[in-house]
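Below: one structure, written as structure tokens.
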Number of protein chains: 2
Amino acid sequence: MGRNKDPETPKELAHFNARIEGIDYDVLDELVGYAVRRAQLSIYEDFAASLGEEDITPQRFSSLVIIENNPGISQTRLSEVMGIARSGVVSIIDRFEAQGLVERQDAGDRRSYQLRLTREGQKQLRRVKKMVKEHDERISGALTPDERVQLCRLLRQLCN
Amino acid sequence: MGRNKDPETPKELAHFNARIEGIDYDVLDELVGYAVRRAQLSIYEDFAASLGEEDITPQRFSSLVIIENNPGISQTRLSEVMGIARSGVVSIIDRFEAQGLVERQDAGDRRSYQLRLTREGQKQLRRVKKMVKEHDERISGALTPDERVQLCRLLRQLCN
DNA sequence: TATTGTTATACTCTATAACTATA
DNA sequence: TATAGTTATAGAGTATAACAATA
């Protein structure tokens with residue numbers, strides 16, 4: 001995750017503290033964009049701390065969930081869903097394949113593959129999904145269930 | 001910004017569409033973390049489209065605002081505020097300095113600098129701040145003022 | 001001709017560690 | 001000894017462009 005994996009020796013770990021004492025944030029405090037960015041950094045940090053040993057990132061996790069629930073999806077389609085270039089999907093899937101989590105199966109069209117989770121991939125995802133849910137409940141722990149739903153609704157409105 | 005600057009020739013621009021027709025997002029739809037990430041990607045894209053010609057990023061913009069409102073701040077302190085390593089701040093400030101936007105001034109302690117905006121930096125920031133505010137109002141345009149405040153409040157609760 | 005996956009390449013961001021000059 | 005800034009280096013992540021196989 002590009003972060004120090006050993007919590008015993010964090011020489012210069014760049015921890016993100018959303019609000020530092022004595023600092024004037026000026027207009028940043030009024031921008032929805034900055035509020036989202038701040039939250040995202042905090043969440044990412046907790047994600048990394050919770051799943052740092054799992055060789056999983058939000059990106060990789062999302063990919064596995066999309067493949068699980070849309071079996072047979074092509075790499076190009078997955079790149080559209082993830083919002084990244086096709087070349088980026090290649091290395092993601094290469095790694096999943098090397099780990100035995102995803103299979104490239106023949107499609108009718110011999111230019112493309114159908115992506116599917118292997119049995120091992122399904123097993124691992126089941127386990128990781130539980131960890132991600134726990135992480136998500138922890139970070140949104142300060143919110144009531146109503147507020148949580150409200151927040152997701154408002155965020156959805158930002159994405160058009 | 002790492003994106004294609006020429007809107008005339010976007011061969012394979014990776015646009016992020018938060019919700020793609022016919023795709024089952026499963027658990028991703030219930031995770032606060034994914035909702036925030038999705039929103040962040042959408043916002044970043046609009047930011048880049050709005051300020052792509054300005055050699056400014058959310059990161060760089062935040063730095064300028066922090067320096068403006070906390071004049072004399074040191075690089076180490078800025079690295080803490082931004083949540084990045086000290087070495088990262090060096091190149092950010094190097095660039096600002098080369099552009100004549102920020103000055104490294106002598107501090108009492110000769111190991112460190114006091115960072116300040118130049119007159120040109122102030123002028124540029126004033127201009128860019130206006131553009132960022134417009135961008136922010138556009139992306140949160142689907143929200144009422146109340147919802148906007150509500151959203152920022154809920155996001156703040158996520159950061160502890 | 002157009003599309004899918006792939007490779008080559010480059011750029012940005014960020015981290016760690018070692019260095020220097022000061023304190 | 002400790003701190004501030006710097007440099008060197010490396011690893012993600014992502015983009016573009018060109019290519020082969022196939023449609």
Side-chain angles (χ1 to χ4, degrees), chain A residues 1-16 37 40-41 44-45 47-48 52 55-63 72-80 82-97 102 104-115, chain B residues 1-16 37 40-41 44-45 48 52 55-60 62-63 72-80 82-97 102 104-115:
Chain A
M1 316 255 333
R3 300 272 169 148
N4 190 336
K5 290 289 177 66
D6 182 357
E8 236 59 291
T9 58
K11 281 279 155 47
E12 195 168 326
L13 182 60
H15 165 68
F16 179 67
R37 186 178 136 80
Q40 214 266 323
L41 287 170
Y44 186 87
E45 211 168 82
F47 187 104
D55 189 28
I56 197 86
T57 59
Q59 176 85 273
R60 284 166 59 71
F61 175 71
S62 306
S63 302
I73 191 173
S74 73
Q75 292 186 190
T76 293
R77 182 100 164 121
L78 182 57
S79 77
E80 290 162 6
M82 306 294 295
I84 62 178
R86 286 177 302 151
S87 58
V89 170
V90 174
S91 48
I92 292 174
I93 301 302
D94 279 353
R95 190 141 145 221
F96 282 146
E97 211 178 28
V102 169
R104 287 176 160 108
Q105 293 187 344
D106 287 347
D109 186 331
R110 283 172 59 199
R111 286 171 303 183
S112 72
Y113 295 119
Q114 296 193 339
L115 302 176
Chain B
M1 317 255 335
R3 300 272 170 149
N4 191 338
K5 289 288 175 67
D6 182 357
E8 235 59 291
T9 56
K11 282 281 157 44
E12 194 168 327
L13 181 60
H15 165 68
F16 178 67
R37 186 177 137 79
Q40 214 267 323
L41 287 170
Y44 186 87
E45 211 168 82
D55 190 27
I56 196 83
T57 59
Q59 176 85 273
R60 283 166 60 72
S62 307
S63 302
I73 192 172
S74 72
Q75 292 186 190
T76 295
R77 183 97 163 121
L78 182 57
S79 78
E80 290 163 6
M82 306 294 297
I84 62 177
R86 287 178 302 150
S87 58
V89 170
V90 174
S91 48
I92 291 174
I93 302 301
D94 279 353
R95 190 142 144 219
F96 282 147
E97 212 178 27
V102 169
R104 287 174 161 110
Q105 292 187 344
D106 286 349
D109 186 331
R110 283 173 58 200
R111 286 171 304 184
S112 72
Y113 296 118
Q114 295 193 339
L115 302 176

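Naming: A, B, ... by sequence-line order, numbering from 1 per chain.
Looking at the side chain of A/Q59, the nearest of the listed nucleotides D/dG5, D/dT14, C/dG5 is D/dT14. Here the side chain of B/Q75 is nearest to one of C/dT6, D/dG5, D/dT14, namely D/dG5. The side chain of A/I84 has D/dA15 as its nearest neighbour among D/dT6, C/dA15, D/dA15. Among the nucleotides C/dT16, C/dG5, D/dG13, the one closest to any side-chain atom of B/A85 is C/dT16.
Between the CD1 atom of A/I93 and the P atom of C/dG5 there is a distance of 10 Å, given to the nearest Å. The nearest whole Å value for the distance from the CG atom in A/D106 to the P atom in C/dG5 is 12 Å. Here the P atom of nucleotide D/dA4 and the CD atom of B/Q105 are 19 Å apart, to the nearest Å. In this structure, B/R60 atom CZ and C/dT14 atom C1' are separated by 16 Å, rounded to whole Å. Counting to the nearest Å, the C1' atom of C/dT16 and the NE2 atom of A/H15 are 19 Å from each other. For the pair B/I92 CD1 and C/dA15 P, the computed distance is 10 Å after rounding to whole Å. One can place CD of A/E80 at 17 Å from C1' of D/dT14, the figure rounded to the nearest angstrom. Whole-Å rounding puts the A/L41 CG to C/dC13 P distance at 14 Å.
Rounded to 10°, the helix from C/dT1-D/dA23 to C/dA23-D/dT1 has 10° between the axis fitted to its first five pairs and the one fitted to its last five.
Looking at B/L78 and B/I93, their side chains come closer than 4.5 Å, going by heavy atoms from C-beta outward. In this structure, B/I73 and B/Q114 have side chains that are not in contact, with every pair of non-hydrogen atoms separated by 4.5 Å or more.
A/F96 CZ to A/L115 CG: the interatomic distance, rounded to the nearest 0.5 Å, is 10.0 Å. For the atom pair CD (A/Q40) and CZ (B/R37), the distance works out to 7.0 Å, reported to the nearest 0.5 Å.
Residues satisfying the side chain to side chain donor-acceptor pair (under 3.5 Å) test with A/Q105, not counting sequence neighbours, are A/E103, A/R116. Under the rule for a side chain to side chain donor-acceptor pair (under 3.5 Å), the partners of A/Q75 that lie at least two apart in sequence or sit in another chain are A/R104. Remark: B/R95 engages B/D55 in a side chain to side chain donor-acceptor pair (under 3.5 Å) (not counting sequence neighbours).
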Which side-chain N or O atoms in residues 83-91 of chain A pair as donor and acceptor under 3.5 Å with protein atoms at least two apart or in another chain?
from, atom 1, to, atom 2, distance (Å)
A/R86, NE, B/E12, OE2, 3.0
A/R86, NH2, B/E12, OE1, 3.0
A/S91, OG, A/G88, O, 3.1

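Comparing A/G88 and B/R77 against DNA chain D, the residue whose closest nucleotide sits nearer the 5' end is B/R77.
When heavy atoms are screened at a 4.0 angstrom cut-off, B/R104 is found touching the sugar-phosphate backbone but no base atom.
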Atom pairs, N/O to N/O, protein against nucleotides 19-23 of chain D, distance under 3.5 Å?
from, atom 1, to, atom 2, distance (Å)
D/dT22, OP1, A/R110, NH2, 3.0
D/dA23, OP1, A/R110, N, 3.0

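Listed here is the closest heavy atom pair of A/F16 and A/L41: CD2-CB, 3.6 Å.
Between the side chain of A/S87 and the base of D/dT14, no donor-acceptor pair of N or O atoms lies under 3.5 Å.
Looking at A/I92, A/V102, A/T57 one by one, the single match for side-chain contact (heavy atoms from CB on, under 4.5 Å) with A/S63 turns out to be A/I92.
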